[in-house]
Amino acid sequence: TPHMMDFVRSAVWYCNIPGPVLEIGSYIETGQDHLDFRRAFPPGTPYLGVDLLEGPGVNRQVNLLDPPAINALVKEWKPNITLCLYVVEHVWEIQKAFATLGNIWQSNKESWLWIATHQNQPFHGTQHYGDYWRVTASAMSRLMREAGVDDPKIFVLSDTSNPNDILAIRQPLSMS
């Protein structure tokens, strides 16, 4: 979403978040080139976009639900920040997806992990992927903790009782 692009761009600037960047779910839908998260990082930032689908924004096809493939990718790429924005609502095995994302952070606790999803959005599945879940802030917190990501910071936009978006951020372990 445009507001997430602005938020990521601001955080990258103010928190000085360098690459390498790993974006899980990087496929760019037709007409959404303005939502290419590569634009949130300074030019030249090492950036790897992965997705189950092949197409615009995707450097490599990888399934989030294939932990050995994700683990090999993370070992090779060594991301400083992992973005998984508006993806988990499209994964039927949502707890397995969170477990894989938790393993990414566990493999390098000095990295950032950002996961965003929707609590209040219309159906937005396509012919390529379904749309299964709406996640509350308390559910996001629990999914993160059960995935081994302690002390996640949970943000909501914009209405606290029925927000459109839920964002979980786990900063590097050494950062207060």
Side-chain angles (χ1 to χ4, degrees), residues 1-27 35 37-38 40-41 47-52 62-65 67 70-71 73-74 77-121 124 129 131-176:
T1 61
H3 56 267
M4 183 60 71
M5 173 69 82
D6 291 342
F7 189 63
V8 172
R9 183 180 289 121
S10 294
V12 166
W13 175 262
Y14 289 107
C15 296
N16 190 27
I17 303 173
V21 179
L22 173 61
E23 181 185 4
I24 298 172
S26 63
Y27 180 80
L35 298 178
F37 280 91
R38 287 167 178 81
F41 292 85
Y47 199 104
L48 182 67
V50 302
D51 202 297
L52 183 61
V62 179
N63 186 341
L64 176 60
L65 298 179
I70 292 287
N71 292 341
L73 179 74
V74 167
W77 190 247
K78 298 176 181 59
N80 186 56
I81 181 170
T82 299
L83 303 174
C84 187
L85 306 175
Y86 309 110
V87 173
V88 295
E89 70 269 19
H90 301 289
V91 179
W92 180 251
E93 297 177 79
I94 193 169
Q95 288 175 310
K96 186 174 180 182
F98 271 88
T100 302
L101 293 164
N103 286 339
I104 292 171
W105 187 76
Q106 287 290 335
S107 72
N108 178 9
K109 291 183 178 183
E110 288 304 314
S111 66
W112 291 84
L113 176 61
W114 290 49
I115 304 171
T117 190
H118 303 291
Q119 177 177 316
N120 181 18
Q121 282 286 316
H124 57 280
Y129 49 82
D131 183 14
Y132 306 110
W133 306 108
R134 296 299 176 265
V135 176
T136 64
S138 58
M140 177 69 94
S141 181
R142 183 170 176 173
L143 285 162
M144 293 288 283
R145 287 190 321 272
E146 287 181 359
V149 181
D150 58 331
D151 196 27
K153 307 304 183 255
I154 308 297
F155 301 89
V156 298
L157 181 77
S158 55
D159 172 1
T160 57
S161 67
N162 192 23
N164 288 329
D165 297 329
I166 308 292
L167 172 64
I169 298 178
R170 183 52 172 110
Q171 76 277 15
L173 186 62
S174 64
M175 183 180 281
S176 60

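Hydrogens, waters and symmetry mates are skipped; everything else that's a heavy atom, side chains included, is used.
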- Query: Taking it one step at a time, do Asp165 and Gln119 satisfy side chain to side chain donor-acceptor pair (under 3.5 Å)?
  - Reply: CA-CA 6 Å; Asp165 297 329; Gln119 177 177 316; over 6 Å; no
- Message: Walk me through whether Thr117 and Trp133 qualify under side chain to side chain contact (heavy atoms under 4.5 Å, CB included).
- Response: CA-CA 9 Å; Thr117 190; Trp133 306 108; 6.0 Å; no
Where do [X] and [Y] come nearest, in terms of heavy atoms and distance?
{"X": "Ala40", "Y": "Val8", "result": "CB-CG1, 3.7 Å"}
{"X": "Tyr47", "Y": "Phe37", "result": "OH-CB, 3.3 Å"}
{"X": "Ile70", "Y": "Asn63", "result": "CG1-O, 3.7 Å"}

- Task: Please test Leu22 against Leu73 for side chain to side chain contact (heavy atoms under 4.5 Å, CB included), starting from the C-alpha separation and ending with a verdict.
- Result: CA-CA 9 Å; Leu22 173 61; Leu73 179 74; 3.8 Å; yes
- Looking at Trp114 versus Phe7, is the centre-to-centre ring distance below 6.0 Å? yes
- Between Trp105 and Trp112, ring centroids under 6.0 Å: no
- Measure up the Tyr86 and His118 rings against each other and bin them: parallel (under 30°), tilted (30 to 60°), perpendicular (over 60°). parallel
- Item | Leu167 and Leu157: CA distance, side-chain angles, deciding distance, side chain to side chain contact (heavy atoms under 4.5 Å, CB included) verdict | CA-CA 8 Å; Leu167 172 64; Leu157 181 77; over 6 Å; no
Tabulate below the donor-acceptor pairs under 3.5 Å that side-chain atoms of residues 134-148 make, not counting sequence neighbours, or state none.
from   : atom 1 : to     : atom 2 : distance (Å)
Arg134 : NE     : Gln121 : O      : 3.1
Arg134 : NH1    : Asp131 : OD1    : 2.8
Arg134 : NH2    : Gln121 : O      : 3.3
Arg134 : NH2    : Pro122 : O      : 3.1
Arg134 : NH2    : Asp131 : OD1    : 3.4
Arg134 : NH2    : Asp131 : OD2    : 2.7
Thr136 : OG1    : Ser138 : OG     : 3.3
Thr136 : OG1    : Ala139 : N      : 3.1
Ser141 : OG     : Arg145 : NH1    : 2.6
Arg142 : NE     : Glu146 : OE2    : 2.7
Arg142 : NH2    : Glu146 : OE2    : 3.4
Arg145 : NH1    : Ser141 : O      : 3.4

Show me the side-chain donor-acceptor pairs of residues 168-176 shorter than 3.5 Å, one per line, residues at least two apart or across chains.
from   : atom 1 : to     : atom 2 : distance (Å)
Arg170 : NE     : Asp150 : O      : 2.7
Gln171 : NE2    : Met175 : O      : 3.3
Ser174 : OG     : Glu110 : OE1    : 2.6

